[in-house]
Enquirer: 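Structure in structure tokens, see below.
It should be emphasised that the depicted structure is a prediction, and the values quoted were computed from it without experimental measurement.
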Amino acid sequence: MEKHLDSYMAEFSSLECGRSDSDKPRINHLLDCLNALNFSDCIKYNNNKAVLLIHQCCKLVSPSDTFLVAKCSHLIMNLVTKLSVKIEGKSLCIVVNWCCQALKLSADVALIDVLQALHAVIESKPSSIEEVTQELINRLSEGLEDRANLLIPQNVKFWRIRCMNALIHTGSLNHNQLLAVSEIFLAVLITNTPLMDDLCYSQVLTCSIEAVQGLCDCDKKWLSEHLGDVIGIIMAYMHFGLADWKFKRPKRHFPTPLPVVHNSADVKGPVNHRKQRTKAIRQGLKSNDDETSVVKVDEFDLAELNLTTSDSDFSDNEGGRLAKRARVHSKVRLASLNLLLNLTKVCGCKELFGFYGSLLSSCGLPHSILREPAIRVKSTAIATLSVLLSAAKGFFVYAQETESASFTAFSSVLADLLKSLHECLISAFKQNSPPLIYMNLIHCTSALVGCTPYHRLKPGLASQLHSVVCPFLRFKERNMTVAVLTYIGALVTLNPTTDEICKLISQKEVVQEEISSDIDNKEMNNVNVVLPELCIDFIKDAASPVSVIVESWQLITHLTRNHYGIIATHLEAVLEALHISLVSTSDVVQLHSAKALEQMAPLMANSKETEALCVQEWCHLLRGGGKGGGALLAVLQSAQPIAAAGCDCVANIGAHIYAQLPTELSILVITLLFGCTGHDESGARAAAIRAIAMLLTFAALEDDEQFVSDVSDSVQRLLGDASLAVRVKAAWSLGKLCETIARHTHLRDCVDVHALFQVTLRAASDNDNVRTGAVRALGYLVKLLTEEDVKQPDYVSSIEKTSAALTKAASSGLNMKLKWNACYALSSLFENSAIQSISASSWQDQILTALCNIIMKCNNFKVRVNACHALYSISQRNHFGSHYFTVWQTILDGLENAYNMPDLREFKHQTSLFDQLCLNVCQLTRLATVEDLGRLHDILVFRMEVASEHMHRFQRNALPENTQPVISARSHISSISLPAHTSQAQQSALEMLTNIFAAPS
């Protein structure tokens, strides 16, 4: 074929050199020959030669020569689509310009051919498409279908819309161009009344909806401006062509409170239109003869049916036409649902939740789920509902069912919506559907269960849902079993749970045994199943696929975490299954069985009834012997990533269980963990250093100097690891190490504190997650410094760097945990009197300024509390320096500022903040001197009311351990004796302090 292409190109070149009037037949013949070639035989062809051929065609064929334009367009489409020819640069401009001219000058019979060629060129996404974008928009914006006399106008419109859709997906349009293009699509979808019997028009609708989806992806600004219009389009075409659908012109939707939805439990399933229509025809019925019929038969003209002498031929033609129309209409509905599904990805739930009232009402997605006959469309509707429910979990948590009142609360509206969705899914399960639909329904049910606060609704909903899902537990298709286990897992993980759900989980489930693939078969045997026994049966069954075993272990893990009592009654059987899975050839099965052990280990260790069994199990897993013996030992020694799961299990062994292990096994555990810190897999290294840090808290090891020294070496080494995850765990372990050394100061001799300072300071400039552990470690390290240490230049430099690192961590960034740890570490810095003895006013000024800014500006109240606590740790007046009055003013203004909450989630920390601020007032008062009273007067005179109100409240509500600061402050005030020549301001300040600390009435 390549030889033919080359020869034809040579002929084109000769034509180009000597053009004459007689060349037209030759051009026509060459185009016919080229188009007749089998392009599939040519796997790869020189792109430059093909572009040159297209260039020659566009140069030789006049845009006004209709028949040659059609053939040339067909050649361009073949080369671009079948040979993947890329047209770039000047050649692209020439081709696009030629096509645009052809659309303008050639007769209407060639319009579709040109548009198809243009669509192929645009869809190939050439890199230089921006150069011709505006020209394409100008030409494609014209109503080309208005010129169609010999062609069907809607066909022309369809290809014009397809070209514009492809142009959007190139990503080359700017905002203004997208606005211009969007007006065309919105005009098609909003202003026109659909022609139901015109299949081409339905294709235009489908393409226009897909184009709107492209607009949503390309321009977030356009979407935010037109989100209401897009929702209106979705609602208008979501049920396009269904039996009971009537067109309503799409209208712009606005975010509104959710309405009370209607009960959809009695809605019948989709109707087989072909059978109903055939029956009506054979009985000679008119469409309006029976107004009470379930299905209303549309009027039709018998003359249009091209009747033959056979009634069966008549029925087949009519049925085929209806089936084709149904397929085309279903594509419109599918495009609408895909648009909605895409919106859930592009828009955040906060932006979309205001439209849930329309989307999830009885005329929205639930209607599609119950009445949609097309399997693919119905499946998409169910998947879209699943995504919408999962995204809105944080909103539905406020749903609450209440008795009737004078007004409908928003929480009550949410509750009604959730109840209607339960009824919708229950009704959908009762319909006869393919297995795929049932599986999607079960996944959707899992999402619904996960976002429903059953403890705030009346009981019964969960039971009804449970009764229609559980029969699929023994379905022959194992993917269905996985889906049901996932649903049960969603029930198990609900928090808080209810008595109804606990009963559903703990009772013997009645499920149908071995449901056949024929859903209509109602002859099934019922068997009793207990959840742990069911999971164990699946795990032990050699025929069970990996997916079922994995989901079974996940369910056991969920039960262990949330309902351990159920697992405790089957503990020995679960452990036996654990021995099987830990030596499985599947890494995924090993991983999830190890996760289950990780959850069970601490619960078994903390129960006196199972403590002996726990010790026996650990010995069995580590030592070997018997079935499954040494399974965990093999996992820890594995060179695969599964070693990380083994380290996580050991981390949860428990201090008193570890103390009861034989000496050789306890040593083996330590040896294996230190070995894993050098594992090839970063996940194993991270898990190993975390597990070692957990062992550091055990009483049997925290005093072991050799162990602490080894831990210090491993932590310092892994803080320089290339993997961020390893450095994060190493920094966390560093915090644990420094805490242990600070608690047992004699361990300082077995580590190099100065080296720890250096490595921790380097970590404090790493990623935020690493810094969080590093600043915590710095807080413990500064506690270790003595007066002898601070005399050494190396330590003085470390203290200055530490203060700078902590100040930066506390005052910058958005990581609140980092800020909290930094403020806590600054408290330790101020509490160490040896450090305070250093004359370091420069870095102290920076710290005090940063803490004052946090108290006034930080949105997180917990961070503010710790900043106040850091200031409260300063025990001497001279340590405040010139910032003493600034701190006074900040604390008093902080009392008033604490009422401003940008985030209502901070309300739970507000009382703690007020109490800590009052303690700071006590501390500052206790440190006040006579000389301070004059300037204190200027601060207190404008804040006296706020200070008195809060201090009196604090005295009334303070815990006994917090009353001593008040007593000390009051005693200090009474001990101040004013000299003879005292100013009026000083006397007034002393009186104000006395009133502030006066006993409340």
Side-chain angles (χ1 to χ4, degrees), residues 253-265 344 348-367 369 384-428 444-469 487-506 558 562-563 901-911:
H253 282 234
F254 296 93
T256 56
L258 297 173
V260 179
V261 294
H262 302 292
N263 188 345
S264 58
T344 62
C349 185
K350 287 184 180 179
E351 205 172 346
L352 205 57
F353 190 74
F355 302 98
Y356 272 43
S358 302
L359 297 172
L360 303 187
S361 66
S362 55
C363 57
L365 279 174
H367 186 85
I369 293 172
T384 305
L385 178 59
S386 301
V387 174
L388 289 173
L389 291 174
S390 300
K393 186 176 181 179
F395 292 93
F396 283 121
V397 72
Y398 297 106
Q400 184 168 10
E401 196 167 4
T402 57
E403 299 296 334
S404 57
S406 56
F407 69 95
T408 303
F410 182 66
S411 59
S412 181
V413 175
L414 289 175
D416 289 336
L417 179 60
L418 287 173
K419 286 171 59 181
S420 72
L421 290 175
H422 278 75
E423 293 165 359
C424 166
L425 293 183
I426 291 169
S427 299
C444 186
T445 303
S446 301
L448 179 60
V449 167
C451 70
T452 303
Y454 289 102
H455 63 289
R456 298 164 68 96
L457 305 178
K458 292 181 180 179
L461 280 180
S463 298
Q464 295 175 35
L465 209 56
H466 202 63
S467 64
V468 296
V469 175
Y487 153 76
I488 297 174
L491 269 183
V492 170
T493 54
L494 282 175
N495 186 27
T497 188
T498 65
D499 293 339
E500 178 190 9
I501 292 173
C502 289
K503 185 178 179 181
L504 291 175
I505 295 169
S506 59
H558 295 325
N562 298 279
H563 301 273
M901 281 184 291
D903 191 341
L904 289 177
R905 289 176 294 185
E906 300 302 319
F907 179 76
K908 60 185 176 182
H909 300 301
Q910 189 184 50
T911 302

Enquirer: Kindly assign one of parallel, tilted or perpendicular to the pair Phe396 and Tyr356, based on the angle between their ring planes and the thresholds 30° and 60°.
Expert: tilted

Enquirer: From Leu365 CG over to Cys424 SG, what is the distance, rounded to the nearest 0.5 angstrom?
Expert: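 The SG atom of Cys424 is 9.0 Å from CG of Leu365, to the nearest 0.5 Å.
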
Enquirer: Quick check: closest heavy atoms across Leu359 and Pro366, and the distance to 0.1 Å?
Expert: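 Answer, listing the atom of Leu359 first, then Pro366: O-CD, 4.0 Å.
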
Enquirer: Please work out which of the three classes, parallel, tilted or perpendicular, describes the rings of His466 and Tyr487, given edges at 30° and 60°.
Expert: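 Tyr487 vs His466 ring planes: tilted.
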
Enquirer: Can you name the closest pair of heavy atoms from Leu389 and Leu421 and give their distance?
Expert: CD2-CD1, 3.7 Å

Enquirer: Determine yes or no for a side-chain-to-main-chain donor-acceptor pair under 3.5 angstrom, with Thr497 supplying the side chain and Leu494 the backbone.
Expert: no

Enquirer: So which heavy atom on His563 is nearest to which on Val492, and how close?
Expert: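 Between these two residues, the closest heavy atoms are NE2-O, 3.4 Å.
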
Enquirer: So how far is it from Ser427 OG to Ile369 CD1, rounded to the nearest 0.5 Å?
Expert: 11.0 Å

Enquirer: For residues Phe355 and Phe254, report the shortest heavy-atom separation together with the two atoms involved.
Expert: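 Minimum heavy-atom contact is CE2-C, 3.7 Å.
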
Enquirer: What pair of heavy atoms forms the shortest contact from Met901 to Glu906, and how long is it?
Expert: SD-C, 4.0 Å

Enquirer: Are any non-hydrogen side-chain atoms of Cys444 and Leu425 less than 4.5 angstrom apart?
Expert: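 When only atoms from C-beta onward are counted, Leu425 and Cys444 do touch, with a gap below 4.5 Å.
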
Enquirer: Taking atom CD1 of Ile488 and atom NE2 of His558, what is their separation to the nearest 0.5 Å?
Expert: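 Between atom CD1 of Ile488 and atom NE2 of His558 there are 11.5 Å.
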
Enquirer: Answer yes or no: is there a donor N or O on one side and an acceptor on the other, between the side chain of Ser390 and the main chain of Val387, under 3.5 Å?
Expert: no

Enquirer: What verdict does the side-chain contact (heavy atoms from CB on, under 4.5 Å) test give for Ser420 and Leu417, after you've listed the backbone C-alpha separation in whole Å, the side-chain angles of each residue and the deciding distance to 0.1 Å?
Expert: CA-CA 5 Å; Ser420 72; Leu417 179 60; 4.0 Å; yes

Enquirer: Counting only pairs under 3.5 Å, give me each side-chain donor-acceptor contact of residues 447-458, with atom names and distances, residues two or more places apart or in other chains.
Expert:
| unit_1 | atom_1 | unit_2 | atom_2 | d |
| --- | --- | --- | --- | --- |
| Thr452 | OG1 | Leu448 | O | 2.5 |
| Tyr454 | OH | His422 | NE2 | 2.7 |
| Arg456 | NE | Ala399 | O | 2.8 |
| Arg456 | NH2 | Tyr398 | O | 3.4 |
| Arg456 | NH2 | Gln400 | OE1 | 3.1 |

